Amino acid sequence: MQILDKPWQNWINENVARGCAYEAMLADMLKAGIAKDVAVFNLNNRSNATSVEGQGVSNQQTGPYEQEASYLFQHDNTIVTQDGQQIQVAMRVTAPDVVLLDKFMTHAECDAFCELSKSTLTKSTVVDDATGAHVGHEHRTSMGTYFTLGQNDLVKKIEARIAEITGTPVPNGEGIQILNYASGGEYRPHFDYFPDNTGGRVHTAKSGQRIITVIMYLNDVKAGGATVLPEINLSVYPKKGSALYFSYFNSKGQVDPSTLHGGSPVVDGEKWIATKWIRERTYM
Ligand SMILES: O=C(O)CCC(=O)C(=O)O
């Protein structure tokens, strides 16, 4: 997709900073003769353009988080991706920036992810604050596995879909993580961005901070297992094929503590999810 020249990128950034409506910016760009797909791509991509030029991760919180325009701008209520998936915007919160998407994946894609993961599941870990090492923890009682970037056609397809709707380059994404919770399994509330401590800096040194999470629900759960955001009293119940997007990093390098979230205990049945974390820069 064509990246617009610097004056256009500045124009987008300035208008976003002034709080201009997405639709108004899009209308002006179309009037100036820019093709719609190019305009939409560049509007969605604007925060990334800024951070790519940034100097490393700045994780020092200098005040309350300043909410900026969402990476996932709302177009129509249905987003038709380049691979033809008709995704429905089901719910949006503006602060923190949270969007629930229905029909993000087909049931066949969900089933394939579960099937491909079953033989490689191991106990999930958390990042140790002092060392940055991955260690087991009683607060996270799931099994998990990872796919490397572009590992197979299914992974490639879903990574392209995520990149398209978030306006971020595929290489900025970490490999898709699959989690499987048995009955009683949970992931207590935590932040997906890394803390500004020794362990956190091990993870942000090369690719910068995590900026966006997309949690994709791979099955229906009979009871329990909601993803919760306790700061805003939000519970999202797993629905096969839907996805929960949230972002938590702004152009000032602040992270948003109101994206505290967790997976509440599964009460009946099991729960399968796929999680994508997106970084400031190419993930390495
Ligand atoms: O299980 C869930 O719903 C939440 C998963 C989660 O918090 C994560 O993958 O970071």
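We use all heavy atoms of the structure for the numbers below, so side chains are in, but hydrogens, waters and symmetry mates are not. In this chain, numbering begins with 1 at the start of the sequence shown. First listed ligand is number 1; within each ligand, the first listed atom is number 1. Source: prediction; values computed, not measured.
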Parallel under 30°, tilted from 30 to 60°, perpendicular over 60°: which one fits the rings of Tyr248 and Phe246?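 Rings of Tyr248 and Phe246: tilted, as their planes differ by 30° to 60°.
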
Atom 1 (O) of ligand 1 [closest protein heavy-atom partner, distance rounded to 0.1 Å]: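 I find the closest protein heavy atom is Tyr181 OH, 2.6 Å.
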
Starting from atom 6 (C) of ligand 1, find the nearest protein heavy-atom neighbour and note its residue, name and distance.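 Result: Tyr187 CD2, 3.7 Å.
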
Using the ring centroid of each side chain, check whether Phe113 and Phe147 are separated by less than 6.0 Å.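 Aromatic pair counts; centres sit under 6.0 Å.
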
As an exercise, identify every atom of ligand 1 less than 4.0 angstrom from a heavy atom of [X].
X	answer
His261	6 (C), 7 (O), 10 (O)
Trp277	9 (O), 10 (O)
His190	6 (C), 7 (O), 8 (C), 10 (O)
Asp192	10 (O)

Close approach, Lys271 and ligand 1, non-hydrogen under 4.0 angstrom: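 Distance cut 4.0 Å: Lys271 passes for ligand 1.
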
Mode of Trp272 contact toward ligand 1 - side chain, backbone, both, neither (heavy atoms, under 4.0 Å):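 For Trp272, there is no contact with ligand 1 at all, from either part.
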
Nearest-0.5 Å distance, CG of residue Leu218 to CD1 of residue Ile178: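 Taking CG in Leu218 and CD1 in Ile178, the distance rounds to 5.5 Å.
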
To the nearest 0.5 angstrom, please state how far the CD1 atom of Ile212 sits from the CZ atom of Arg279.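 Rounded to the nearest 0.5 Å, the CD1-CZ separation comes to 13.0 Å.
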
Who gets closest to atom 5 (C) of ligand 1 by heavy atom: Ile273, Thr275, Thr227?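 The residue whose heavy atom sits nearest atom 5 (C) of ligand 1 is Ile273.
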
Assess Lys239 against Tyr217: is NZ or CZ under 6.0 Å from the centre of the six-membered ring, and within 45 degrees of the ring's axis?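 Judged by the rule, Lys239 and Tyr217 form no cation-pi pair.
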
Could you walk me through whether Ser251 and Glu68 pass the side chain to side chain donor-acceptor pair (under 3.5 Å) test, one step at a time? CA-CA 8 Å; Ser251 59; Glu68 294 175 353; 2.7 Å; yes

Are the side chains of Arg201 and Asp196 in touch, meaning some heavy atoms are under 4.5 Å apart?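 Yes; the side chains approach each other to less than 4.5 Å.
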
